[in-house]
Amino acid sequence: IDLFLGIVANSRDIIESRYPGSEFHVILWDSVHGPNSDTVLKGLADRGINVHTVSDIIPDLEENPSRYYIAPPVEWHPAPSAYEQLASYVVSQIVAR
């Protein structure tokens, strides 16, 4: 986790130095399938990184897994509907602000 957090923080630093005035955001897939989500979320926040959680973006994710995952419980990769929700959020809440 520390290595991951260091890589993300370093990536943010590189982006912000190369592109002054830009913003660096992370979308964290925080679900029951990611047991370290709380630790990662805290670590990103401690480093001052803008974090958006998928549980906030798609509030009914856990209640409706077949809507947002390819084939739960066998295949937990996101379905197109999850990507549509995420893209809509990025455009309306990050890009258009």
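Just so we're clear, the structure is a prediction, and the values are computed from it rather than from any experiment.
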Problem - Passing option when T53 is tested against I27, L41, V26 for side-chain contact (heavy atoms from CB on, under 4.5 Å) - result: L41
Practice task
Indicate yes or no for a side-chain donor-acceptor contact from S17 to the backbone of I14 under 3.5 Å, with no hydrogens or angles considered.
Solution key: yes
Handout entry: Residues K42 and D38 bridged, charged N to O under 4.0 Å
Key = no
Practice task
Determine whether I94 and Y89 make a side-chain contact, defined as any pair of heavy atoms from C-beta on separated by less than 4.5 Å.
Solution key: yes
Handout entry: Qualifying ring-ring contact (aromatic ring centres under 6.0 Å, His included) pairs, either residue in residues 1-21, two or more places apart
Key = none
Handout entry: Side chains of L28 and H52 in contact at under 4.5 Å (non-hydrogen atoms)
Key = no
Handout entry: Sub-4.5 Å side-chain heavy-atom contact between D60 and R67
Key = yes
Practice task
Kindly compute the distance separating CG (N36) from OG1 (T39), expressed to the nearest 0.5 Å.
Solution key: 5.5 Å
Exercise for the section: Check whether any side-chain N or O of S11 sits under 3.5 Å from a backbone N or O of I7 as a donor-acceptor pair, and report yes or no. Expected result: yes
Problem - Validation row: P65, W76 side chains within 4.5 angstrom (heavy atoms) - result: yes
Exercise for the section: Calculate, to the nearest 0.5 Å, the distance between atoms CD1 and OH belonging to I58 and Y83 respectively. Expected result: 10.0 Å
Problem - Nearest-0.5 Å distance that lies between atom CG in D56 and atom CG in D30 - result: 7.0 Å
Completion exercise
Taking every heavy atom of Q85 against every heavy atom of I57, the minimum-distance pair comes out as O-CG2, 4.0 Å
Handout entry: Residues S22, I15; criterion side-chain contact (heavy atoms from CB on, under 4.5 Å); working and verdict
Key = CA-CA 8 Å; S22 66; I15 293 297; 3.7 Å; yes
Practice task
Identify whether L44 and I1 are in the same connected component of the hydrophobic contact network (ILVMFWY, side-chain heavy atoms under 4.5 Å).
Solution key: yes
Handout entry: Test item: R12 side-chain N/O and R47 main-chain N/O as donor-acceptor pair under 3.5 Å
Key = yes
Practice task
Identify whether W29 and V8 are in the same connected component of the hydrophobic contact network (ILVMFWY, side-chain heavy atoms under 4.5 Å).
Solution key: no
Exercise for the section: Would you check if E16 and F24 make a side-chain contact, meaning some heavy-atom pair closer than 4.5 Å? Expected result: yes
Exercise for the section: Measure the spacing between OH of Y68 and CD of E63 and express it to the nearest 0.5 Å. Expected result: 9.5 Å
Problem - Pair E23 + R97, salt bridge at N-O below 4.0 Å - result: yes
